[in-house]
Amino acid sequence: MEKKTLKEMSFLDHLEELRWLLVRSSAAVLLLAFATYFVSDYIFDTIIFGPTRATFFTYRFFCDFSHQIGFADSICITELPFTIQNTEMEGQVNIFVWICILAGFILAFPYILWQIWKFIGPALYEKERKNAKVFIFVSSLLFFMGVLFGYYIVIPMSVNFVATFSISSVVKNQFTVESYIGMFKTAIVSSGLFFELPIIIYFLTKLGVVTPEFLRKYRRYAVVIVLIIAAIVTPPDVVSQTIVAIPMLIIFEISVIISAIVYKRKIKRELASK
């Protein structure tokens, strides 16, 4: 029978391990954040503010796609009528620092996962501890996929929606750089973490917190929530909403399948131990 090989550690020992996990992870983030300083011009001009231009990849892709499906120029974006301005004396300095930290966090994510794995490793079975490389690779891949999804799908759709929404022609859109960067950071981080859902469900199922039956029971609510999110961040057309909603629903369904597999193995292990 497979057994766990646990170290006898006191509560204070666990706190000390957690403290060093946070110290090493923070150091990695800050080191990589400092490294991004040397490419900050490219990060801001090309990456951060790329979605504010009508020539951005996503807008051109949707325009080409609309022509292919016979929608002509119905979802083509030729202009984003807004300007971005700074209204705080230290606004640009603060934004520069936080964007570098965000970039450092994204780049350091695999290392942070490795630190987390080392922390929880003693509580896992020996076979599970041997899968550290698989865990880090899959988790990192999902996170980076989520970041790309947020950058190429969620952010452009959100920018297009708020730029073209108008209550009156009298009102002109002049967004503060803080509000734009806030939306940017939220979309990137939340999308990256959302794509970690299969990994989170894996561990929650192993801990007995959730079951596949629970996920199936509340599937309809998850679908409604996803559709609401898609409707909020996209223009009011079915094509855009579908493009946003489908990947999120696929991630949820993958999580349900993983939960079912883990739960089945857990039951078999419990029966074998009796």
Side-chain angles (χ1 to χ4, degrees), residues 1-22 24-25 105 109-147 149-150 186 188-230 245-274:
M1 182 179 67
E2 189 181 19
K3 295 182 179 180
K4 299 178 183 178
T5 56
L6 289 170
K7 289 182 180 180
E8 292 295 331
M9 297 177 64
S10 67
F11 177 72
L12 292 179
D13 290 332
H14 283 295
L15 284 181
E16 182 69 10
E17 286 293 322
L18 179 61
R19 184 175 74 87
W20 279 107
L21 181 156
L22 296 174
R24 288 189 289 266
S25 298
F105 171 75
F109 192 76
Y111 177 79
I112 296 172
L113 287 176
W114 181 52
Q115 291 296 317
I116 294 174
W117 186 267
K118 286 175 62 179
F119 180 73
I120 66 176
L124 302 175
Y125 290 96
E126 183 178 354
K127 182 179 178 181
E128 293 170 335
R129 288 198 298 274
K130 292 179 180 179
N131 293 329
K133 292 181 179 179
V134 176
F135 165 77
I136 294 172
F137 174 78
V138 173
S139 299
S140 300
L141 179 63
L142 288 171
F143 178 76
F144 292 135
M145 288 173 60
V147 168
F149 177 76
T186 300
I188 290 291
V189 175
S190 60
S191 295
L193 295 180
F194 179 80
F195 271 60
E196 292 292 300
L197 185 61
I199 304 297
I200 296 172
I201 292 297
Y202 171 84
F203 284 105
L204 290 180
T205 304
K206 287 188 69 66
L207 293 173
V209 178
V210 300
T211 63
E213 288 76 16
F214 173 84
L215 295 175
R216 294 189 186 106
K217 179 180 178 181
Y218 292 97
R219 176 187 277 121
R220 68 185 68 177
Y221 300 106
V223 172
V224 171
I225 292 172
V226 166
L227 292 177
I228 291 175
I229 294 173
I246 287 179
M248 298 176 71
L249 292 174
I250 290 174
I251 289 294
F252 178 79
E253 291 301 327
I254 290 174
S255 302
V256 175
I257 294 171
I258 289 175
S259 179
I261 294 172
V262 173
Y263 187 75
K264 193 174 182 180
R265 290 178 179 176
K266 183 180 178 182
I267 296 298
K268 285 184 177 180
R269 189 180 293 119
E270 291 175 352
L271 292 175
S273 64
K274 292 181 180 179

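All heavy atoms count here, side chains included; hydrogens, waters and symmetry mates do not.
- Among all heavy-atom pairs drawn from Leu197 and Ser255, the shortest one is CG-OG, 3.4 Å.
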With a cut-off of 3.5 Å and sequence neighbours excluded, list every side-chain donor-acceptor pair involving residues 139-147.
from, atom 1, to, atom 2, distance (Å)
Ser139, OG, Phe135, O, 2.8
Ser140, OG, Ile136, O, 2.7

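- Listed by chain and residue number, Ser259 satisfy the side chain to side chain donor-acceptor pair (under 3.5 Å) test with Thr205 (two or more places apart in sequence, or in another chain).
- Contacts classified as side-chain hydrogen bond (donor to acceptor under 3.5 Å, both in side chains) and involving residues 214-227 (residues at least two apart or in different chains) are given here: Arg219-Glu253.
- Residues satisfying the side chain to side chain donor-acceptor pair (under 3.5 Å) criterion with Gln115, sequence neighbours excluded, are Arg24, Tyr111.
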Item to check | Chi angles and distances behind the side-chain contact (heavy atoms from CB on, under 4.5 Å) call for Val223, Phe252 | outcome: CA-CA 9 Å; Val223 172; Phe252 178 79; 5.9 Å; no
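- Residue pairs meeting the salt bridge (Lys or Arg N to Asp or Glu O under 4.0 Å) criterion with at least one member in residues 254-267: none, sequence neighbours excluded.
- To the nearest 0.5 Å, atoms CD1 (Ile116) and CG (Leu18) are separated by 10.0 Å.
- In this structure, OH on Tyr202 lies 10.5 Å from CG on Leu207, to the nearest 0.5 angstrom.
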Next on the checklist: Go through it in stages, so that I can follow the logic: the residues are Trp117 and Leu113, the test is side-chain contact (heavy atoms from CB on, under 4.5 Å), and I'd like the CA-CA distance, side-chain angles, deciding distance and then a yes or no.
Outcome noted: CA-CA 6 Å; Trp117 186 267; Leu113 287 176; over 6 Å; no
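- To the nearest 0.5 Å, the span separating CD1 on Ile200 from CZ on Phe195 amounts to 13.0 Å.
- Heavy atoms only, all atoms of each residue included: Pro212 and Val256 are closest at CB-O, 4.5 Å.
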Checklist entry - Would Phe194 and Ile251 count as a side-chain contact (heavy atoms from CB on, under 4.5 Å) if you check the C-alpha gap in whole Å, the side-chain angles of each, and the deciding distance to 0.1 Å? => result CA-CA 8 Å; Phe194 179 80; Ile251 289 294; 4.0 Å; yes
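- Evaluation of the side-chain contact (heavy atoms from CB on, under 4.5 Å) rule for Ile246 yields Thr242, Ile250 as partners, not counting sequence neighbours.
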